Amino acid sequence: MNAPLDSSAVPAPGASGATRTAAAQLTVRTSEEMRELGRRLAGLLGAGDLVLLSGELGAGKTTLTRGLGEGLGVRGAVTSPTFVIARVHPSLTGGPALVHVDAYRLSGGLDEMEDLDLDVSLPESVTVVEWGDGKVEDLSEDRLRVVIERAVGAEAPAPDGDDADAADDVRTVTVSGVGERWAGVDLSPLAFS
């Protein structure tokens, strides 16, 4: 992965100047690099962390989450939870479980998400929400936001929208923390040399 990294502290969106956090922008060239980014990201996460994933269909959100699951050492194949809305992957190593949520089909925001009891499982799990922007921010003042964008001129997503086998094309991934949990966190472990 050829990754330019900006780990300078920047004010968190919508926060006062007192809450500062780090941001990183990386270039990801293949689906294997996306999984490796997930494995590296897992090394920064712990119980209680909320991760919001954004990106168009086929961008690589589930591929990144698969890498997170590998890095966290959880049970079960990490696949898109689109039709079941949420999947829980218990830890095989004594660490936190991975709760993988797909909010794509949900339109009611946090009210609709309450039925999933994410607020109950959040303290002891790493919770990853695909399509969560504007829907689950109220779950935690502290969260990690990961935005995956296709490079200009890159191929369109596969017709079925399944990003697990996305074509190997260039993505720009922006990782930014919001809240005190992420203030001053060094995101340099995400970069490849």
Side-chain angles (χ1 to χ4, degrees), residues 1-6 10 12-14 21-42 44-45 49-72 77-87 89 98-107 109-110 112-113 118 126-137 139-140 143-178 182 187 190-192:
M1 183 182 327
N2 217 353
L5 178 69
D6 175 13
V10 295
T21 187
Q25 189 170 70
L26 307 125
T27 300
V28 178
R29 300 192 186 289
T30 67
S31 58
E32 181 49 44
E33 283 184 356
M34 189 66 77
R35 282 176 78 157
E36 178 59 25
L37 176 59
R39 289 188 287 269
R40 289 177 183 220
L41 187 58
L44 299 175
L45 298 173
D49 284 335
L50 174 64
V51 180
L52 302 183
L53 299 180
S54 299
E56 65 188 31
L57 288 171
K61 297 178 297 296
T62 300
T63 301
L64 177 76
T65 307
R66 188 171 292 123
L68 278 171
E70 292 168 3
L72 292 171
V78 175
T79 59
S80 177
T82 299
F83 297 105
V84 295
I85 310 299
R87 285 195 167 95
H89 299 275
L98 172 65
V99 177
H100 185 198
V101 179
D102 187 329
Y104 183 75
R105 295 180 185 276
L106 304 178
S107 59
L110 194 56
E112 197 170 6
M113 298 294 280
L118 294 179
V126 171
T127 303
V128 176
V129 182
E130 296 185 27
W131 306 97
D133 284 339
K135 298 178 182 175
V136 298
E137 287 88 346
L139 280 174
S140 177
R143 59 194 169 275
L144 196 63
R145 186 163 184 260
V146 180
V147 178
I148 304 170
E149 299 173 303
R150 289 181 186 278
V152 175
E155 295 178 19
D160 64 3
D162 183 8
D163 65 0
D165 297 316
D168 289 342
D169 54 350
V170 178
R171 311 286 200 270
T172 299
V173 180
T174 304
V175 181
S176 55
V178 175
W182 297 102
L187 296 176
L190 300 178
F192 288 72

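Just so it is clear, the model here is predicted, and its values are computed rather than measured.
- Summarising the geometry, atom OG belonging to S31 is positioned 9.0 Å from atom CZ belonging to R66; distances are rounded to the nearest 0.5 Å.
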For this session: Would you check, one step at a time, whether the test side-chain contact (heavy atoms from CB on, under 4.5 Å) holds for L41 with V146?
Result: CA-CA 10 Å; L41 187 58; V146 180; 4.3 Å; yes
For this session: Test M34 against I148 for side-chain contact (heavy atoms from CB on, under 4.5 Å), laying out the working first.
Result: CA-CA 10 Å; M34 189 66 77; I148 304 170; 3.8 Å; yes
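- Looking at V147 and V173, their side chains never come closer than 4.5 Å, going by heavy atoms from C-beta outward.
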For this session: Show your reasoning for whether side-chain contact (heavy atoms from CB on, under 4.5 Å) applies to T62 and E130.
Result: CA-CA 8 Å; T62 300; E130 296 185 27; 2.9 Å; yes
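- Looking at R145 and D133, a side-chain N of the basic residue comes within less than 4.0 Å of a carboxylate O on the acidic one, giving a salt bridge.
- Salt bridge R39/E32: present, at least one basic N to carboxylate O contact under 4.0 Å.
- The main-chain N or O of S54 is never found under 3.5 Å from a side-chain atom of K61 such that the two would form a donor-acceptor pair.
- Formation of a donor-acceptor pair under 3.5 Å by the R150 side chain with backbone atoms of G58 is found in this model.
- Not a single donor-acceptor pair under 3.5 Å links the side chain of S140 to the backbone N or O of R143.
- Across all non-hydrogen atoms, the minimal contact from L187 to V175 is CD1-O, 3.8 Å.
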For this session: Mind running side-chain contact (heavy atoms from CB on, under 4.5 Å) on L190 and L37 for me, showing each step along the way?
Result: CA-CA 6 Å; L190 300 178; L37 176 59; 4.1 Å; yes
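- A side chain to side chain contact (heavy atoms under 4.5 Å, CB included) with L144 holds for exactly one of L53, V128, L45; it is L45.
- V129 has its side chain out of reach of V51: every pair of non-hydrogen atoms, C-beta onward, lies at least 4.5 Å apart.
- In plain terms, the two heavy atoms of D49 and L44 that are nearest each other are OD2-O, 4.1 Å.
- Of the candidates T65, T79, D102, R87 forms a side chain to side chain donor-acceptor pair (under 3.5 Å) with just one, namely T79.
- Residues that satisfy the side-chain hydrogen bond (donor to acceptor under 3.5 Å, both in side chains) test with T172, not counting sequence neighbours, are absent from this structure.
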